[in-house]
*Asks:* 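Once you've had a glance at the structure underneath, I'll fire off some questions.
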Amino acid sequence: MDIQQINKELEDKSPSEIIQWALANSKNALVTTNFRPYESAILHATASAKSDIKVVWCDTGYNTPNTYRHAKDLIEQLDLNIHIYVPELSSGYRDVLMGIPQADTPQHNQFTEQVKLEPFRRAMEEHEPDLWFTNLRKGQTAFRDSIGIVSKGKDGKIKVSPFYHYSDADLDKYLEQHNLPNEHNYFDPTKQLSNRECGLHA
């Protein structure tokens with residue numbers, strides 16, 4: 001698969017057209033989410049194209065009450081085929097052992113492995129997708145600026161970001177057009193800073 005050529009061909013396509021291309025070129029696609037701001041766009045777009053598409057949520061256990069309520073409402077509104085993965089240790093037990101360590105420390109790397117990377121690997125091993133949709137967008141981090149609409153991970157899986165070129169204003173219009181909720185009260189304990197990668201994508 002020529003990723004560079006594919007990105008050129010998809011450059012001017014709409015998110016729905018990108019999703020249709022991806023579904024036509026995969027046998028077992030899924031979408032990952034964390035119910036952060038604007039996630040309702042990717043969930044709506046993919047579920048509209050394939051109503052039973054698997055939706056994987058790796059819940060760190062540290063989401064805000066607003067995020068959990070938002071997730072419940074969106075799962076019900078879109079009738080999502082949700083698959084939830086949680087860490088092997090509860091957040092309460094981990095709080096006693098290490099809390100949320102400072103970034104750029106060995107303890108933080110261990111924390112990220114426990115709450116995000118291990119549950120994500122477990123989900124991918126169970127579902128074995130050949131392609132996964134995500135809501136990465138240009139302008140979020142330096143790494144994300146470099147990947148394009150379609151990219152390939154170290155594991156060989158194809159990653160597709162249908163809203164890659166959308167701004168917040170573009171997404172606001174999409175949410176309004178489709179009567180979708182949004183939630184900005186979100187916390188990712190593995191990132192701490194908005195320009196950090198969480199470990200799943202880099």
*Asks:* Applying side-chain contact (heavy atoms from CB on, under 4.5 Å), name anything that partners Arg69, two or more places apart in sequence or on another chain.
*Replies:* Pro65, Asn66

*Asks:* Regarding Gln5 and Glu9, is there a side-chain donor-to-acceptor distance under 3.5 Å anywhere?
*Replies:* yes

*Asks:* Side-chain heavy atoms nearer than 4.5 Å, only ILVMFWY residues, links allowed to pass through others: does that put Tyr68 and Ile84 together?
*Replies:*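 Same cluster.
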
*Asks:* Under a single-linkage definition using a 4.5 Å side-chain heavy-atom cutoff for Ile, Leu, Val, Met, Phe, Trp and Tyr, are Ile19 and Leu175 assigned to the same hydrophobic cluster?
*Replies:*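 In one cluster with Ile19: Leu175, yes.
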
*Asks:* More than 12 foreign heavy atoms under 6.0 Å from CG of Asp12: is that the case here?
*Replies:* no

*Asks:* Kindly indicate, with the supporting measurements, whether the criterion side-chain contact (heavy atoms from CB on, under 4.5 Å) is fulfilled by Lys54 and Glu126.
*Replies:* CA-CA 12 Å; Lys54 295 176 182 177; Glu126 180 173 323; over 6 Å; no

*Asks:* Residues in side-chain hydrogen bond (donor to acceptor under 3.5 Å, both in side chains) with Asn182, at least two apart?
*Replies:*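 Counting only residues at least two positions away or on another chain, Asn182 forms a side-chain hydrogen bond (donor to acceptor under 3.5 Å, both in side chains) with His184.
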
*Asks:* Any heavy-atom pair between the side chains of Gln114 and Met98 that's under 4.5 Å?
*Replies:* yes

*Asks:* List the atom of Ile53, the atom of Asn81, and the distance in Å for their closest heavy-atom pair.
*Replies:* O-CB, 3.4 Å

*Asks:* Rounded to the nearest 0.5 Å, what's the gap from OG on Ser14 to CZ on Phe163? Could you check?
*Replies:* 9.0 Å

*Asks:* With His178, which residues qualify under ring-ring contact (aromatic ring centres under 6.0 Å, His included), at least two apart?
*Replies:* His44, Tyr174

*Asks:* Name each donor-acceptor pair under 3.5 Å that joins a side chain in residues 72-79 to protein atoms two or more places apart or in another chain, with its distance.
*Replies:*
from	atom 1	to	atom 2	distance (Å)
Lys72	NZ	Glu76	OE2	2.9
Gln77	NE2	Asn179	O	3.2

*Asks:* With no hydrogens and no angle check, do the side chains of Asn109 and Thr112 hold a donor and an acceptor under 3.5 Å apart?
*Replies:*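 Looking only at side-chain atoms, Thr112 and Asn109 do not form any donor-acceptor pair under 3.5 Å.
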
*Asks:* Can you list the residues that meet the side-chain contact (heavy atoms from CB on, under 4.5 Å) rule with Glu11, with sequence neighbours excluded?
*Replies:* His165

*Asks:* Give me the other members of the hydrophobic cluster that Tyr186 sits in, counting Ile, Leu, Val, Met, Phe, Trp and Tyr linked by side-chain heavy atoms under 4.5 Å, directly or via other members.
*Replies:* none

*Asks:* Which atom pair, heavy atoms only, marks the closest approach of Ile158 to Ile3?
*Replies:* CD1-CD1, 4.1 Å

*Asks:* Checking Arg94 against Tyr62: charged group under 6.0 Å from the ring centre and within 45 degrees of the axis?
*Replies:*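 Output no; distance or angle outside limits.
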
*Asks:* Report the distance from atom CZ of Arg137 to atom CG of Leu171, rounding to the nearest 0.5 Å.
*Replies:* 4.5 Å

*Asks:* Could you tell me the separation between the CG atom of Leu136 and the CD1 atom of Ile147, rounded to the nearest 0.5 Å?
*Replies:*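 CD1 of Ile147 is found 4.5 Å from CG of Leu136.
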
*Asks:* For Ser40 versus Pro181, what's the shortest heavy-atom pair and its separation?
*Replies:* OG-O, 2.7 Å

*Asks:* Are the side chain of Thr64 and the backbone of Asn185 linked by a donor-acceptor contact shorter than 3.5 Å?
*Replies:* yes

